[in-house]
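Throughout, residue positions are numbered sequentially from 1 according to the sequence presented.
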Amino acid sequence: MKNSKIPCISELSLNRPEVVRWRERMTLLEPYSDTVIVLPCSMKKPYSQSKSHTLFKKYTKGLQEVILTSPFGICPREMEKTYPIHSYDASTTGDWSDEEIKIAGKCLKDYVQDRKVIAHVSGGYKKACEEVLDNVVYTCCDENTRSQDSLNRLKEEVKKSDKINYKQHKIHDLRSIARYQFNSLNADKLIPENTQTHGKFNTRIMSDKKQLATLHFETGLYTLNLAGGEILKEEKINRVFINFDLKTSTLFTPGIDQADKNIIPNDEVVIIKDDEVIGVGKSMMNGEELVKANKGIGVKIRHQIK
């Protein structure tokens, strides 16, 4: 998957398929702490590399951060390196339309529910918070989130909240990405409690000395190993069924009997024969096309049983 920039320069961007899909899947995610810090977005992606977020992160450790952004609505901090949120260009003036405020506000409310919120925002970001939040403290002074007075207020509010330890936080973050990518709460099973991670660039997801998946630096998404495919098979996620032995690293559509209907192009899928996982790879089509197409590559296989 190439990460070309996604221009989001008008209200029409609110209805782009990848943007709508992002907002829909954000409803599967939840904060890891009882207090949530709301922050404005930045032009630079990922956000944490911007000057403003470099400042904010000094004061927010141990609490869930969520970034308000249009047209995507929200971006929990752990999702900031994930496609497509890390690949869009949009204005960050904070001068939002009524529709942008309404959509971002709804996404935020669905995410934080009744948790306490520390909102370190101004402009349209603040309006979105005011539309939907009750249990909220605003910490921005004089419309300047980077002023020392504002940062001091943020620091004082964060001190009042219970922090979460790093291990819980890390497992939560990895599961958030899995929930988003596989569009299911059951994708948590791909990240067991005893998960270990290895690698600085691409991150290998390990459990009981087996590699389940790899989290890729470029896309912020997982590719499956066979052991991870076993888990997704049991959870009935992204399955493709065939009735013959794989001979090559390409699965053509004429050999596919069934496929889960919610599969979309570029999804990681599990290839199953006789109720056994025999391969994992990347789908080239949606679930319906995989079954109905008379020709073409259905799945590019990454790993298979030899």
Side-chain angles (χ1 to χ4, degrees), residues 5-31 35-48 50-53 55-56 60 63-80 82-147 149-150 153-154 157 176 180 183:
K5 286 290 182 182
I6 301 169
C8 296
I9 54 177
S10 74
E11 270 199 27
L12 293 175
S13 302
L14 292 166
N15 297 312
R16 290 180 67 116
E18 64 269 38
V19 172
V20 173
R21 185 181 304 122
W22 175 275
R23 293 199 301 261
E24 288 174 345
R25 295 190 182 190
M26 285 301 103
T27 61
L28 295 170
L29 273 54
E30 58 194 1
T35 299
V36 178
I37 301 173
V38 179
L39 299 168
C41 63
S42 63
M43 282 289 286
K44 188 162 188 173
K45 314 291 185 306
Y47 303 118
S48 57
S50 68
K51 288 182 179 179
S52 58
H53 283 254
L55 269 177
F56 301 155
T60 58
L63 296 182
Q64 176 72 59
E65 298 166 275
V66 62
I67 296 111
L68 271 183
T69 181
S70 184
F72 287 87
I74 62 168
C75 176
R77 175 68 76 190
E78 66 269 22
M79 301 301 298
E80 68 173 351
T82 304
Y83 185 85
I85 199 77
H86 70 356
S87 300
Y88 78 98
D89 285 325
S91 167
T92 56
T93 62
D95 184 17
W96 286 7
S97 69
D98 289 345
E99 186 67 10
E100 287 176 300
I101 290 171
K102 178 183 175 184
I103 287 176
K106 183 182 186 305
C107 291
L108 180 61
K109 181 61 178 176
D110 288 346
Y111 181 71
V112 303
Q113 300 291 323
D114 296 323
R115 293 173 178 84
K116 177 187 174 183
V117 171
I118 300 171
H120 194 69
V121 292
S122 61
Y125 305 103
K126 186 175 182 180
K127 288 179 182 176
C129 292
E130 290 173 336
E131 287 279 326
V132 298
L133 299 179
D134 298 316
N135 188 14
V136 57
V137 176
Y138 295 97
T139 54
C140 178
C141 305
D142 303 322
E143 298 292 301
N144 183 1
T145 56
R146 291 163 63 176
S147 74
D149 283 346
S150 294
R153 288 181 66 178
L154 174 61
E157 286 302 322
S176 291
Y180 166 76
N183 196 26

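- Side-chain contact between I103 and E99: present, with at least one pair of heavy atoms (C-beta onward) separated by less than 4.5 Å.
- At most 12 heavy atoms of other shown residues, nucleotides or ligands fall within 6.0 angstrom of atom NZ in K102.
- Remark: side-chain polar atoms of K45 are paired, donor with acceptor, to backbone N or O of M43 under 3.5 angstrom.
- Side-chain atoms of Y180 and I85, non-hydrogen and from C-beta on, never get closer than 4.5 Å to each other.
- Taken to the nearest 0.5 Å, the CD1 atom of I37 stands 10.5 Å off from the CD1 atom of I67.
- Counting heavy atoms from C-beta outward, V117 and C129 have side chains that stay 4.5 Å or more apart.
- When the salt bridge (Lys or Arg N to Asp or Glu O under 4.0 Å) test is applied to K116, the partners found at least two apart in sequence or on another chain are E157.
- The existence of a salt bridge linking D110 and K106 is confirmed by a sub-4.0 Å separation between a basic side-chain nitrogen and an acidic carboxylate oxygen.
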Kindly list each side-chain donor-acceptor pair under 3.5 angstrom involving residues 73-80, sequence neighbours excluded, with atom names and distances?
residue, atom, partner, partner atom, Å
R77, NE, E65, OE1, 3.3
R77, NH1, H53, ND1, 3.3
R77, NH1, E80, OE1, 3.0
R77, NH2, H53, ND1, 2.9
R77, NH2, E65, OE2, 2.9
E78, OE1, Q64, NE2, 3.0
E78, OE2, S176, OG, 2.9
E80, OE1, Y47, N, 3.2
E80, OE1, S48, N, 3.0
E80, OE2, S48, OG, 2.7

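- Side-chain contact between F56 and P40: present, with at least one pair of heavy atoms (C-beta onward) separated by less than 4.5 Å.
- Atom CZ of R153 and atom CD1 of I118 lie 11.5 Å apart (nearest 0.5 Å).
- P84 is listed as a side-chain neighbour of F72, based on a closest heavy-atom distance under 4.5 Å.
- Counting only heavy atoms from C-beta outward, the side chains of R23 and L14 approach each other to under 4.5 Å.
- Two residues are said to be in side-chain contact when any heavy atoms from C-beta on lie closer than 4.5 Å; R115 and P31 meet this criterion.
- To the nearest 0.5 Å, atoms CG (L39) and CG (L154) are separated by 7.5 Å.
- Summarising the geometry of Y83 relative to W22, their closest heavy-atom pair is O-CZ3, 4.3 Å, with the distance given to 0.1 Å.
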Throw together a table of side-chain donor-acceptor distances under 3.5 angstrom for residues 131-143, partners on residues two or more places apart or in other chains.
residue, atom, partner, partner atom, Å
Y138, OH, E130, N, 3.4
T139, OG1, H120, ND1, 2.7
E143, OE1, G123, N, 3.3

